[in-house]
Amino acid sequence: MNTATDRHVLSINTIELVNGQEGVARMKDWVTFIHFIVLGLSLAAPIGPMNIEVMRRGLTGGFLASWCVGLGGLTGDVLLLLGIYFGLGDVMRISGVQIGMYVIGIVLLTILGWQSFHHAFQTKDRQDIVFKEISPKSAYMTGFMISIANPISLIFWFGVFGTSLHVLTASHSVVFSVLCSFAILLGLFLWNLNLVCTIHFSKRLMSVKVMRTIMILAGLCLLGFACHFSYRLYNLIL
């Protein structure tokens, strides 16, 4: 009788132990998922060409133009993520490919910086600054090109995230790895939404002088990134 009771108690304890271990495993998976959302936010949050262009378009073209720039950038990030899954990391390490990306990025950022300066010095009132005739397609393609031709973004995706993904797939299933990839894209999406909405609602409180100053600073930053990429291209060639 005691033996049967002991076996029953042991069985219950074993089930509770297994359930406890499964609960801990699920908790760890949730923590990992949230970690990749934060990783996406940390990638999007620092001041860079993408954020500057989103802010500039928000001031000059309104919510839709700013949102389309962010969506274009997110599309580029999705393609880079797919590139990691299909093993394009080795291709991106080829000097010729890197040089091409740097050249595209330098030209694009220089044009955007010049446009920011030109528009800032041509404005006379708020109506000159905020104009609505900006093609959403043009804004979308601008964000897309900034994303795929930004060496900083490429370093993150094929460096930091590529390593994290390799470690993740070694200890988790493919399905969970894909979910974590969506988590990092979710972090990027949330940051873009936050930035677009912030600019859209805060610009109503800005004077023409403040908006012009922001556009000038945006132009300086874009040209500064173009100079930085030029310096890195110079070192790469030599």
Side-chain angles (χ1 to χ4, degrees), residues 30 33-81 108-109 111-113 115-120 123 125-150 152-153 156-157 161 179-225:
W30 274 109
F33 185 80
I34 295 173
H35 164 77
F36 276 92
I37 294 178
V38 175
L39 190 61
L41 290 170
S42 66
L43 169 64
I47 295 297
M50 180 62 68
N51 284 342
I52 293 172
E53 183 62 15
V54 168
M55 291 187 290
R56 190 180 74 86
R57 294 281 181 148
L59 292 176
T60 60
F63 180 88
L64 180 59
S66 180
W67 181 240
C68 286
V69 171
L71 290 180
L74 190 62
T75 304
D77 290 331
V78 170
L79 290 182
L80 293 176
L81 181 60
L108 180 62
L109 294 178
I111 293 174
L112 293 176
Q115 287 179 348
S116 185
F117 274 117
H118 177 74
H119 194 61
T123 55
D125 54 35
R126 179 175 289 271
Q127 294 301 319
D128 289 333
I129 294 177
V130 183
F131 60 94
K132 303 298 182 181
E133 297 180 358
I134 294 181
S135 168
K137 182 179 179 180
S138 173
Y140 176 86
M141 290 305 300
T142 298
F144 177 76
M145 292 302 298
I146 291 176
S147 177
I148 64 173
N150 183 0
I152 297 176
S153 180
F156 173 85
W157 282 110
F161 182 70
L179 288 176
C180 287
S181 300
F182 279 110
I184 197 171
L185 294 175
L186 177 60
L188 294 169
F189 175 83
L190 292 175
W191 175 259
N192 283 327
L193 181 62
N194 166 70
L195 184 61
V196 169
C197 291
T198 300
I199 294 298
H200 177 71
F201 291 107
S202 63
K203 75 175 183 180
R204 301 178 182 179
L205 306 177
M206 298 180 187
S207 65
V208 175
K209 191 173 183 179
V210 171
M211 295 175 71
R212 183 183 292 114
T213 301
I214 291 175
M215 283 190 293
I216 292 173
L217 292 175
L220 286 173
C221 290
L222 290 169
L223 292 177
F225 279 110

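Sequence positions, counted from 1, serve as the residue numbers for this chain. These values consider heavy atoms only, across backbone and side chains, with no hydrogens, waters or symmetry-generated copies.
Pro136 and Leu64 get closest at one heavy-atom pair: CG-CD2, 3.7 Å. When all heavy atoms of Gly219 and Ser116 are compared, the pair lying nearest together is N-OG, 3.4 Å. Counting all heavy atoms, side chain and backbone alike, Leu188 lies closest to Gly40 at CD2-O, 3.4 Å. The shortest non-hydrogen separation linking Leu222 to Leu109 is O-CB, 3.8 Å.
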(request) Let me see the working for Leu217 and Thr213 under side chain to side chain contact (heavy atoms under 4.5 Å, CB included), right down to the final yes or no. (result) CA-CA 6 Å; Leu217 292 175; Thr213 301; 4.2 Å; yes

(request) Verify side chain to side chain contact (heavy atoms under 4.5 Å, CB included) between Phe63 and Ile199, making sure each step is shown before the conclusion. (result) CA-CA 8 Å; Phe63 180 88; Ile199 294 298; over 6 Å; no

(request) Give the C-alpha distance, both sets of side-chain angles, the deciding distance and a yes or no for side chain to side chain contact (heavy atoms under 4.5 Å, CB included) between Val69 and Tyr140. (result) CA-CA 5 Å; Val69 171; Tyr140 176 86; over 6 Å; no

(message) If you apply the rule side chain to side chain contact (heavy atoms under 4.5 Å, CB included), what do you find for Phe36 with Leu179, and how did you get there?
(response) CA-CA 10 Å; Phe36 276 92; Leu179 288 176; over 6 Å; no

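To the nearest 0.5 Å, atoms CG (Asn51) and CG (Asn192) are separated by 7.0 Å. Phe144 contributes atom CZ, which lies 10.0 Å from atom CE of Met50 (distance to the nearest 0.5 angstrom). Between the CZ atom in Phe225 and the CG atom in Leu112 there is a gap of 12.5 Å [rounded to 0.5 Å]. With rounding to the nearest 0.5 Å, the separation of CG in Leu186 from OG in Ser181 is 12.5 Å. With values rounded to the nearest 0.5 angstrom, Leu74 atom CG is found 15.0 Å from Trp191 atom CH2. Between atom OG of residue Ser147 and atom CD of residue Glu53 there is a gap of 13.0 Å, rounded to the nearest 0.5 Å.
At least one donor-acceptor pair under 3.5 Å links the side chain of Ser66 to the backbone N or O of Val54.
At a threshold of 4.5 Å between non-hydrogen side-chain atoms, the residues Thr142 and Arg57 count as touching. For the pair Leu193 and Trp67, the minimum side-chain heavy-atom distance is below 4.5 Å.
A 6.0 Å sphere centred on CZ of Phe33 holds more than 12 heavy atoms belonging to other residues, nucleotides or ligands.
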